[in-house]
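Throughout, a chain's letter reflects where its sequence line sits, starting with A, and its residues are numbered from 1.
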Amino acid sequence: MTNTTPETVDYDPKIVEAKWRERWDLRRTDKQDIAHAAKPYFNLMMFPYPSAEGLHVGNVFAFVGADIHGRVRRLQGWDVFEPFGFDAFGIHSENFALKMNTHPGRLIPRNIERFREQLRDVGLMIDWDHELSTTDPTYYRWTQWIFLQLFNAGIAVKKRAPVNWCPECKTVLANEQVIDGFCERHSDTKVHQRLLEQWFFKITDYAERLLNNIQHLDWSDSTRLMQRNWIGKSVGAELDFKTPDGKSVKVYTTRPDTVFGATYVVMAPEHPMAEGLATAECMADVLAYRRAASAKDLVARKVGDREKTGVFTGSYARNPATGESVPIWLADYVLMEYGTGAIMAVPAHDERDFEFAEAFRLPIVRVVSDPDREDALPFPGKNGVLVNSGQFDGMTYEESFPAVTNWLQERALAEQQTRYRIHDWCISRQRYWGPPIPIIYCDACGPVGVPEQDLPVLLPDIEDFRPDDSGVSPLARHEQWYRVPCPKCGADARRETDVSDTFLDSAWYFLRYPSTEFDDRPFDKDVTKRWLPVAQYIGGNEHAVLHLLYSRFVMMVLNDLGWIDFEEPYLKFRAHGTIVRDGAKMSKSRGNVVNPDEYITRWGADTFRMYLMFLGPYQEGGDFRDKGISGIRRFLDRVWIIVHNTETDAIVETTDAIVRKRHQTVRKVTDDVEGLRYNTAISAMMEFLNTIRAESKDKPIAKEIAESLIVLLAPFAPHLAEECWEKLGHDASVFDAQWPEYDDALTVDVEIELVVQVNGKVRQRLQVAPGLSENDARERATADDTVKRFMGGKAIRKTIYVQDRLVNLVV
RNA sequence: GCGACCGUGGCGGAAUUGGUAGACGCGCAGGAUUUAGGAUCCUGUACGGUAACGUGUGAGGGUUCGACUCCCUCCGGUCGCACCA
């Protein structure tokens with residue numbers, strides 16, 4: 001390096017990073033005083049599943065972004081707590097162990113060990129004293145405790161329910177594990193429906209509160225929208241269509257205003273009233289249709305072709321508004337699981353009903369008309385006014401919805417109703433690798449919760465944990481484990497053999513982090529008060545619905561039961577983006593997976609961290625391209641050189657340009673890191689360095705300039721920053737320094753470029769002092785030869801002046 | 001099908017509230033240094049044109065003194081939901 005002074009050592013990240021890893025451990029730099037922190041800041045990142053493949057570059061991207069945020073907050077004076085843990089229970093670990101012919105209990109510790117080493121190399125500010133793993137009995141003991149709180153409160157209940165069953169995994173799948181009717185893990189295996197007795201959490205009872213709180217959360221709009229959609233609130237009415245013999249067919253609709261256009265009724269094929277409504281001559285068809293529909297399972301019905309099929313029952317019901325007799329049909333486009341399992345069909349204003357009416361030649365009656373558009377049917381919108389609707393004609397949707405509903409309600413033919421799409425949370429898994437559900441079944445006492453002092457219910461160490469298709473967990477094959485006396489009456493009883501859903505493990509882990517030292521309580525009340533709710537949560541979008549919703553729900557319940565004094569766990573949540581390679585998602589099959597270890601070894605952790613953050617906006621992700629990383633390394637090399645050339649004991653004059661750039665950079669980086677715009681924060685630091693280099697021309701620079709650069713850089717490249725900080729004469733860690741301040745007045749340039757437009761086109765750029773008046777600006781502009789030429793001697797009709805930016809002359 | 005977001009050089013990507021399009025970085029070209037290569041440093045780099053200048057943010061239209069930014073139509077992509085009545 002030509003401009004390196006002889007005694008300067010080249011930047012060798014291997015040496016620097018090893019030195020500071022050790023120093024941080026020694027000084028306990030990353031540890032937090034949980035009991036006494038004055039300005040607590042809980043910086044949470046989603047804990048990973050410790051896969052056998054080790055840390056993925058996407059993990060590193062996620063954690064580094066969160067770590068930078070934590071380090072910035074620390075420099076800004078907060079007592080930052082940045083814990084880490086492992087979400088190690090679940091189907092992933094178990095399936096992998098089965099494939100490798102080993103036991104997950106032996107696999108997980110190895111994987112965790114590997115993760116820990118890799119994470120250490122990345123240079124995260126993690127307080128390892130508070131590490132946790134969901135598979136640790138000292139953790140899942142309290143997962144079971146939480147289950148018991150919900151059980152005792154009547155929120156955990158047992159129900160017989162249809163579930164998604166994957167014949168390959170041989171277990172129940174959650175809805176999100178079903179992709180287009182196939183298992184997410186076995187893309188060629190169709191998911192079946194199966195009826196099982198399972199434990200459910202009554203999250204639907206909390207739907208309204210979960211929905212309502214969303215508006216107060218500092219989350220991104222898209223995440224909030226996804227949560228709203230998942231909860232799926234709809235306001236409508238249950239209407240009563242009566243048959244001549246007095247039977248009552250209840251239908252649910254969100255458009256009671258269109259009831260005058262309801263020309264037939266449709267029931268789901270499995271509707272309990274279907275058979276009773278079938279007339280003798282239609283019975284054979286009805287039964288045949290039913291059989292055909294149940295052969296097509298629920299999932300296939302949802303994804304299969306949407307050709308409308310159906311069958312007439314032979315019966316009629318009375319439209320509660322018109323009093324006319326309308327036919328009752330069965331069709332599989334109506335789902336038993338939503339609403340009442342029956343609908344009133346308004347073919348003129350619903351596309352599905354329209355298709356069905358066309359296919360079976362049923363009458364179509366228009367009851368909404370848009371005066372602005374004479375639309376073809378169907379016309380599903382809410383614009384327009386009612387027609388063919390008796391005394392309601394001429395009303396808008398907003399008027400007619402309540403008017404029609406009330407009118408029917410007065411005659412006991414309707415009831416306004418609010419419904420939610422969200423289902424109760426099924427937490428039973430017929431699997432081995434999870435926390436046993438702490439329930440004991442007694443013939444006399446029924447389901448009894450395991451007494452708190454008997455927790456944890458340890459997961460037995462068994463070798464034959466392979467699931468079978470019996471519909472029960474492998475634990476049900478271990479009599480010596482499940483046979484226990486009833487805790488209430490002492491009679492022979494048996495344990496619940498299902499384990500709980502991984503989402504329950506992860507629903508409360510952040511509550512445990514600050515309290516890991518307590519073995520007699522899940523979380524300490526004082527500690528929790530000090531640290532929770534979490535200040536900022538960073539994680540992947542794939543968990544933006546379920547994980548966040550489930551943990552919000554569990555916190556809400558714990559709050560209601562008096563265990564905690566907040567009900568929303570994450571005040572602020574931001575989702576990071578995904579790293580792709582050459583425009584495609586990284587995957588083993590594509591062969592474009594990036595191994596972070598190689599890059600850290602070759603370039604150093606600091607370079608790798610910064611490169612990942614430089615790829616693109618943190619919340620959008622970016623495209624990983626090998627070549628670009630050298631630019632970051634060059635930047636860090638130059639920082640190293642400039643700091644090592646800095647005079648620490650001499651007074652060095654600094655140019656105004658450097659000072660100005662310093663203030664501009666501090667402002668820009670401060671704003672950018674706040675909005676997680678790490679890519680532009682890095683380019684601002686690069687610009688700062690470029691200015692310093694151009695101005696100083698290899699001469700030593702002033703100490704305070706080097707210092708502010710290093711502090712800004714520290715969250716991104718912590719090892720190098722520490723080394724440079726020490727070189728600048730500091731004994732303490734750079735992370736005990738102060739985030740630099742800026743002065744707006746000192747960011748103002750002495751000379752600005754004034755753009756001169758003629759008729760909106762840029763024609764000239766003039767160097768002027770800032771703060772020019774409009775008249776002065778116009779004078780300067782019109783005096784310019786080029787500007788004169790483009791004005792062509794015409795008079796100015798209008799001048800637009802944007803202070804210190806541009807003047808536009810309209811001629 | 002519905003909803004959300006997005007489309008900018010050879011590439012990754014910049015551009016507070018409409019006000020200099022292409023910051024920063026990669027790559028590339030030329031030069032310096034070097035026995036050579038690499039590294040490093042300097043200069044240039046949207047496109048066309050010797051130049052004046054013209055043209056440019058997926059396509060087309062609109063609003064405006066002025067549009068990557070706002071509005072309409074279309075095309076393409078990513079994600080979420082998906083017969084939810």
Q: Regarding A/Glu687 and A/Lys668, does a basic nitrogen lie under 4.0 Å from an acidic carboxylate oxygen?
A: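 Salt bridge between A/Glu687 and A/Lys668, a charged N being under 4.0 Å from a carboxylate O: no.
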
Q: Please report the distance separating the C1' of B/U57 from the corresponding atom of B/A15, rounded so that it comes out in whole Å.
A: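 Looking at atom C1' only, B/U57 and B/A15 are 11 Å apart.
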
Q: Does atom CZ of A/Arg228 have more than 12 heavy-atom neighbours from other groups under 6.0 Å away?
A: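 Enclosed.
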
Q: Does the ring pair (Phe, Tyr, Trp, His ring centres under 6.0 Å) test come out yes or no for A/Phe614 and A/Tyr678, once each step is laid out?
A: CA-CA 7 Å; A/Phe614 192 56; A/Tyr678 297 139; over 10 Å; no

Q: Between B/C42 and B/C65, how many Å separate the two P atoms, rounded to a whole number?
A: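 Comparing P positions in B/C42 and B/C65 gives a spacing of 46 Å.
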
Q: Has A/Arg677 got a side-chain N or O lying under 4.0 Å from the OP1 or OP2 atom of B/G13?
A: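 Negative; the distance criterion is not met.
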
Q: Take atom C1' in B/G61 and the same atom in B/G49, then report the distance between them in whole Å.
A: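 One C1' to the other, the span is 31 Å.
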
Q: Report yes if at least one side-chain N or O of A/Lys761 is closer than 4.0 Å to OP1 or OP2 of B/U55; otherwise report no.
A: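 Answer yes for this pair, as a side-chain N or O of A/Lys761 is under 4.0 Å from OP1 or OP2.
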
Q: Whom does B/U35 pair with, Watson-Crick or G-U wobble, provided both distances fall under 3.5 Å?
A: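 Checking every strand shown, B/U35 finds no partner, since no pair has both distances under 3.5 Å.
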
Q: Using atom P of each nucleotide, how far apart are B/G58 and B/U8 to the nearest Å?
A: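 Comparing P positions in B/G58 and B/U8 gives a spacing of 6 Å.
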
Q: Measuring only the P atom in each nucleotide, how far is B/C70 from B/U16? A whole number of Å is fine.
A: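 Taking atom P in both B/C70 and B/U16, they lie 11 Å apart.
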
Q: State the pairing partner of B/A82; accept Watson-Crick or G-U wobble contacts with both distances under 3.5 Å, and report none otherwise.
A: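 Answer to the pairing question: none, since B/A82 forms no Watson-Crick or G-U pair.
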
Q: Answer yes if the side chains of A/Thr223 and A/Ser220 hold a donor-acceptor pair under 3.5 Å, and no otherwise.
A: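 Indeed, the side chains of A/Thr223 and A/Ser220 share at least one donor-acceptor pair under 3.5 Å.
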
Q: Expressed in whole Å, how much space separates the C1' atoms belonging to B/C5 and B/A39?
A: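 Each nucleotide's C1' atom is 43 Å from the other's.
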
Q: In this structure, how many angstroms lie between the C1' atom of B/G3 and the CG atom of A/Asp221, rounded?
A: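 Going from A/Asp221 (CG) to B/G3 (C1'), I get 14 Å.
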
